[in-house]
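Notes follow once the structure below has been shown.
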Number of protein chains: 2
Amino acid sequence: MADRQYDLGDAELEVLKVLWDEGPGTVRDVLSKLHDAGRRVAYTTVQTLLTRLEQKRFVTSNKTGLAYVYRARVSRDRVTRTRLESLLSQLYDGAAGPLVLQLVRSERLTGEEIEELQRLIEHYERDTGDAGSNI
Amino acid sequence: MADRQYDLGDAELEVLKVLWDEGPGTVRDVLSKLHDAGRRVAYTTVQTLLTRLEQKRFVTSNKTGLAYVYRARVSRDRVTRTRLESLLSQLYDGAAGPLVLQLVRSERLTGEEIEELQRLIEHYERDTGDAGSNI
DNA sequence: GCTATCCTACTACATCTGTAGGAGAAGTCA
DNA sequence: TGACTTCTCCTACAGATGTAGTAGGATAGC
C-alpha cells in the first residue's frame, strides 16, 4: 500500500504543473492556483492527488507549521521526456523524425523557433558532414 | 450504455494499430498478429477491446460468414494528431516549437529527415520573408 | 476557555481500462 | 448425428484514477 507506481493521470499532472510553475506549496496553495485557472475541484481532491503524487515519488512533502508543503521531486523536463517517449513508441515506433516533420509542417513554430531550428541543423550538418546515415 | 466516449487506452490502441497495419480483420486475425508480436493475450480480451473500439466509434464491423470483420474507421493520422495535440496542450501549453527543438536536440533524426527539415524551413522562410513574427 | 477555521487521515465510490471465463449458437468433419 | 471447433454475448473483476465527504486534531481570535 505504501507505494504506487505507474504513470501520472491527467489530474495528477495538473497538480504537478502547479508545483513546477509556482514552486513548493501547500494543498491550499495548489487549490487556489487551480481555482484561479478556472478548475473547480475540492480541497480534499487536491489533497488526495498530492498524496498520490507523493506515493508515486513525484513530489516530497515536509510539515511547515500547520500544513505540509509539497515540492516537485521530478523535473518538468523529465516527465515531459517520458511522456514524449511513450507517445513516440506508441504511435511512431519510437522514431522522432516523422513527428518533427509533422509538427513543422503544421506551421505552428514561431520565427524564432525556426531560426533556432536552422541553427541546430547547421550544427548537426557541421558535425556529421552534411547529410549522412543515422547509424 | 450504447456508446462509450473518452480516449483510447493503450491496449485498445494496440489493437487499432493492427487494423491499420494489416487492414480489416476478425478477432482471430488480430489475435494472431498480436501473438506474432509476442503479445500474450486471450481471444476474449481482443474481442472485448474490439467491441469497445466499436462503441467508441473507432472501428466498424460487419458479419462476414461466421465472424465479424472489424475495420478501422479513423485514420492513424487522425488519432496521432489528437494524441499529439493532447500531449502538447498538457505539457507545452499547446506550443509545438519547444517540442520540436527538444526532439531535434535529442539527435534522433536520420540524415534524410534532417534534409527534409531543411527543405521545409527554406520553404517557410521563402514564404514569410526570413525570420519574422508568428502572428 | 470557546468557537470558528484549517489541516490531515481515512474512507468511499463511480468510471475507465485491461484481462478473461463461461454459456450457448453455429458450423465442420467423420 | 455426434464430437469438435469457433464465434458471439454476457458477466466479472482488479487496479488506476478522479472526485469528494467525514472525523477529529490543531490553531487562532475573542
Side-chain angles (χ1 to χ4, degrees), chain A residues 1-18 24-35 37-71 79 82-83 86 90, chain B residues 1-18 24-35 37-71 79 82-83 86 90:
Chain A
M1 241 110 299
D3 293 344
R4 282 168 183 264
Q5 31 196 3
Y6 302 99
D7 209 22
L8 287 170
D10 290 349
E12 289 167 349
L13 183 58
E14 260 187 303
V15 164
L16 188 52
K17 281 205 283 188
V18 171
T26 63
V27 172
R28 187 144 310 268
D29 294 335
V30 172
L31 181 67
S32 298
K33 269 298 154 189
L34 290 176
H35 279 180
R39 185 79 159 70
R40 306 314 302 171
V41 73
Y43 182 95
T44 47
T45 299
V46 175
Q47 190 184 31
T48 301
L49 292 172
L50 280 167
T51 302
R52 288 183 186 162
L53 281 169
E54 184 162 28
Q55 287 167 340
K56 293 179 178 179
R57 310 202 177 267
F58 284 96
V59 310
T60 46
S61 71
N62 71 310
K63 196 144 194 168
T64 305
L66 186 57
Y68 282 101
V69 172
Y70 292 87
R71 175 186 304 270
V79 171
T82 303
R83 307 259 297 190
S86 155
Q90 278 185 330
Chain B
M1 240 114 290
D3 293 344
R4 283 168 182 264
Q5 32 198 3
Y6 304 99
D7 210 18
L8 286 170
D10 290 348
E12 289 168 347
L13 183 58
E14 259 187 304
V15 165
L16 187 52
K17 280 206 283 188
V18 172
T26 62
V27 172
R28 184 136 320 257
D29 294 335
V30 172
L31 181 68
S32 298
K33 269 297 153 191
L34 290 176
H35 277 181
R39 186 79 159 71
R40 306 314 302 172
V41 74
Y43 183 95
T44 47
T45 299
V46 175
Q47 191 184 31
T48 301
L49 293 172
L50 280 167
T51 302
R52 288 183 187 163
L53 281 169
E54 183 162 28
Q55 287 168 340
K56 292 178 177 181
R57 311 204 176 264
F58 284 97
V59 308
T60 47
S61 72
N62 72 310
K63 195 145 193 167
T64 305
L66 184 59
Y68 281 101
V69 171
Y70 293 87
R71 175 188 303 270
V79 170
T82 304
R83 307 267 287 198
S86 155
Q90 279 185 331

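In what follows, chains carry the letters A, B, and so on, assigned in the order in which the sequence lines appear, proteins first and then strands, with residues in each chain numbered from 1. Atoms considered below: every heavy atom in the structure, side chains included; atoms not considered: hydrogens, waters and symmetry mates.
Distances shorter than 4.0 Å separate some side-chain N or O of A:Lys56 from OP1 or OP2 on D:dT17. The side chain of B:Tyr43 places an N or O atom within less than 4.0 Å of a non-bridging phosphate oxygen (OP1 or OP2) of D:dT8. Taking side-chain N and O atoms only, A:Arg28 has no distance below 4.0 Å to OP1 or OP2 of C:dC6. At least one side-chain nitrogen or oxygen of B:Arg39 sits closer than 4.0 Å to the OP1 or OP2 atom of C:dT19.
The local environment of NZ in A:Lys17 is crowded, with over 12 non-hydrogen atoms from other residues, nucleotides or ligands closer than 6.0 Å.
The two atoms that bring A:Leu8 and A:Lys56 nearest to each other are CA-NZ, 4.3 Å, heavy atoms only. Across all non-hydrogen atoms, the minimal contact from A:Asp10 to A:Arg83 is OD1-NH2, 3.9 Å.
One interatomic measurement links the two molecules: CG of B:Leu31 to P of D:dT5, which rounds to 17 Å at whole-angstrom precision. The distance from atom CG of B:Asp7 to atom C1' of D:dG18 is 16 Å, rounded to the nearest whole Å. Straight-line distance from the CG atom of B:Asp10 to the P atom of D:dG15: 18 Å, rounded to whole Å. C:dG18 atom P lies 9 Å from atom CD of B:Glu14, rounded to whole Å. In this structure, the CG atom of B:Asp29 is 13 Å from the C1' atom of D:dT6, given to the nearest Å. Rounded to whole Å, the distance from CD on B:Gln90 to P on D:dT17 is 13 Å. Going from atom CG of A:Leu50 over to atom P of D:dT17 covers 15 Å, rounded to whole Å.
For A:Thr26 and A:Asp29, the side-chain atoms include at least one donor-acceptor pair closer than 3.5 Å.
Across all strands shown, A:Tyr68 has heavy atoms under 4.0 Å from sugar-phosphate atoms exclusively, and none from any base.
In this structure, the side chain of A:Glu12 does not engage the main chain of A:Arg52 through any donor-acceptor pair within 3.5 Å. Judged purely by atom type and a 3.5 angstrom limit, B:Thr44 has no side-chain atom pairing as donor or acceptor with the backbone of B:Gln47.
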### Message
I need a per-nucleotide contact map over nucleotides 20-30 of chain D, read 5' to 3'. Cutoff is protein heavy atoms under 4.0 Å; write B for the base, S for backbone only, - otherwise.
### Response
BBB----S---
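Residues that satisfy the side-chain hydrogen bond (donor to acceptor under 3.5 Å, both in side chains) test with B:Arg28, not counting sequence neighbours, are absent from this structure.
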